[in-house]
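Letters A, B, ... mirror the listed sequences (proteins, then strands); counts begin at 1. Nothing here was measured: the structure is a model prediction, and the numbers come from that model.
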Protein chains: 4
Amino acid sequence: MAVDRERVLKEAAALLTRRATTSMDEIARAAGISRATLHRHFAGRDALIRAVEDLGIEQFTQAMDTARLDDGDAADALRRLIAEAEPVAGVLAFLFTENQLFEGGEVNAGWARLDDRLAALFRRGQEQGDFRIDLSASWLTEAFYGLLGAGAWAVHEGRVARNDLNHSIAELLLGGIRRSMEK
Amino acid sequence: MAVDRERVLKEAAALLTRRATTSMDEIARAAGISRATLHRHFAGRDALIRAVEDLGIEQFTQAMDTARLDDGDAADALRRLIAEAEPVAGVLAFLFTENQLFEGGEVNAGWARLDDRLAALFRRGQEQGDFRIDLSASWLTEAFYGLLGAGAWAVHEGRVARNDLNHSIAELLLGGIRRSMEK
Amino acid sequence: MAVDRERVLKEAAALLTRRATTSMDEIARAAGISRATLHRHFAGRDALIRAVEDLGIEQFTQAMDTARLDDGDAADALRRLIAEAEPVAGVLAFLFTENQLFEGGEVNAGWARLDDRLAALFRRGQEQGDFRIDLSASWLTEAFYGLLGAGAWAVHEGRVARNDLNHSIAELLLGGIRRSMEK
Amino acid sequence: MAVDRERVLKEAAALLTRRATTSMDEIARAAGISRATLHRHFAGRDALIRAVEDLGIEQFTQAMDTARLDDGDAADALRRLIAEAEPVAGVLAFLFTENQLFEGGEVNAGWARLDDRLAALFRRGQEQGDFRIDLSASWLTEAFYGLLGAGAWAVHEGRVARNDLNHSIAELLLGGIRRSMEK
DNA sequence: TATGAATGAGTCTTCATTCAT
DNA sequence: AATGAATGAAGACTCATTCAT
């Protein structure tokens, strides 16, 4: 039976997310294949990690597509994005934490496009008067990733219920900590 | 010339934050000493990491002390904490990711104590009616670290000016993205 | 389409002569078949090498037969042998280096028989007063292979024209470098 | 005690000459050091083999220097060269046999210089009327290597006495097999 | 019959750590 | 105290070989 490439990648992502030093052997075993087979499908450790990166980018891209970032209220779009991105949060956190994986420093171009789309959403919100303008779109983009990662981790550690995650991230990001009159 | 222990720890924190698999050799070189010397000062890789942790915990403890978390308005206390913690954001980010990436290692006790103090601040704000109560103190604690780490990285990457960092983090955390009447 | 066994063996000989560590994969690709097919036709690497040996032995045996080593002048017989062996020089070169590089493996019996026939020719020349006797038949045998191999390589590298090969080898072997009165 | 680089290289050359597939481990053990140390001195297997190649080139260059190729009778110069090169014959044979070691095909430039000097010697002999001109200097160069290799092997196999080697090669190369009036 | 896919075994390579100066 | 050198242990990688289609 042919190896399910995507399944292997998902296992790899899951393991690497938990421990960045997970060995090829462990990944292979988790995926139910031999080390040699793992090497046949991914030219080496780097190639595997790059593939995980590509998968993460692809999944996050899909989340953005599904969330229809350009439709309606920017705040609602952001809420939809968080809901869609939640399953990918773990991988994204890994990829962001391990962002100097490759000496060459050539960052996967896919990230830039994602960053752009995200920043565009924040900018739209600002232009439409929904979002404050004293926080740059660029910073909000980074903050989004930071909160997503923290959320994934909090769930993993049992500090936040999975069902609360969407709400926790979205509300914090949109409304902050302070109790306000509105809402 | 005597080895500057703290400098070594800071280099280590910086490198390990970006790549958890950074080798002893890379750390030694970044610190300007030989591998052997690095080993003379820290009994091993684990000991080095523990030392970085300890440094972070110590510095963050000091930041908390200086910020007088229990005094006055909770929001103001949080602002003070962010201001004090900002210079150590790098090491803190390491602590945060570190505890994420290496599972199995019992969490450093000192770290847990810091978590508690931070959570207590959020709880105080909630009890005093300043902070919303639909976001758990536990989650806010995680979010705090996440945003601090994201901020440190954003500055490092040149996406946020160092001078804006305090404001960026504090405002986002306290008020969220949404433009509001107050403030 | 049926696999051309001899073509495979010739490719294998050519590659193995130049690099004893040539992999099964490279040989298979050079022969235009898959690794698995190569294995179906030859029970394993050793079997393949043995088959190449056998091919070389068979072809060289035939060359010897055709050259009628026992007939007439020994020098003429040697010339005929060189002419007959030239097309198989590549495989022969392999046989020669092969027996050099892998020690421990008992020498193929067929090969020893060829050595004997060749040595017998040289001995005959010496007994008949045509060949000098200060160079042992055993050494001349080795030298014969060495020159044949060098010749095959020189042609391959474009340093000697294929049409000159016979003459180059035969003249050097028979008459040496020095300009002489006779001839 | 510091590792004797040259000694390691000589061990490596000796082992690789006998079996091209000798492992790094075997070489390390033969040199009395650990595999890791071997790797510290030679970046990898390829690097080690290249170093062996360099050593071979250097030794053969030295042999040429010592033999004073440009002095006196060309035939005598050739005799001197054979005598000087004899100890290196084994390594040279290995390097010639394994001449496709590196995929890139970038041949060590040192060879070309050696080839040139050797060819120059043959050409000088031809111009001075000592060597026949119907055998190209280029071919004689190849033949020289072929005979040297064959000789090294013949000694190794016990078919030629080490003390006879010089004579065997020189006489065959200079005078050929045929009994002649002169000499 | 031919082959893409899978794998066990073995080699190469790196890293944290120790040693001798 | 500092370091170049050496190494055991562990992981990455490759190859010949087998399997299932």
Taking [atom1] from [X] and [atom2] from [N], how many angstroms apart are they, rounded to a whole number?
X: Arg29(D); N: dT7(F); atom1: CZ; atom2: P; result: 13 Å
X: Asp25(D); N: dT14(F); atom1: CG; atom2: P; result: 19 Å
X: Met24(B); N: dC15(E); atom1: CE; atom2: C1'; result: 10 Å
X: Phe42(A); N: dA5(E); atom1: CZ; atom2: P; result: 13 Å
X: Arg35(B); N: dA1(F); atom1: CZ; atom2: C1'; result: 18 Å
X: Arg45(A); N: dT14(F); atom1: CZ; atom2: C1'; result: 18 Å

**Prompt:** Can the ring centres of Tyr145(A) and Trp111(A) be said to be less than 6.0 Å apart?
**Reply:**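 Aromatic pair excluded; centres sit 6.0 Å or further apart.
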**Asked** If you check the Ser34(C) side chain, which of dT17(E), dT3(E), dG8(E) turns out closest?
**Response**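 Looking only at side-chain atoms, Ser34(C) lies closest to dT3(E).
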**His39(B) side chain, from C-beta outward: closest of dT18(E), dA2(E), dT18(F)** =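 The answer is dT18(E).
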**Fill in**
Pairs under 3.5 Å (Watson-Crick or G-U), crossing ones as [ ], inter-strand ones as |: DNA chain F comes out as .||||||||||||||||||||
**Item:** Residue mapping more 5' on DNA chain E - nearest nucleotide basis, Arg40(A) or His41(C)
**Value:**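 Looking at the nearest nucleotide for each, His41(C) comes out on the 5' side.
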**Message:** Need to verify one output field. Residue with the more 5' nearest nucleotide on DNA chain E, Ala43(D) or Glu26(D)?
**Reply:**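 Residue closer to the 5' terminus by nearest nucleotide: Glu26(D).
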**Asked** Which pair of heavy atoms, one from Arg5(D) and one from His41(D), lies closest together, and at what distance?
**Response**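 It is NH1-O, 3.6 Å.
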**Message:** Applying a 4.0 Å non-hydrogen cut-off, can you work out what Ser23(B) is touching in the nucleic acid: base, sugar-phosphate, or nothing?
**Reply:**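 Sugar-phosphate, no base atom in range.
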**Thr37(D) vs Leu38(B), nearer the 5' end of DNA chain F by closest nucleotide** =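 Its nearest nucleotide lies further toward 5', so the answer is Leu38(B).
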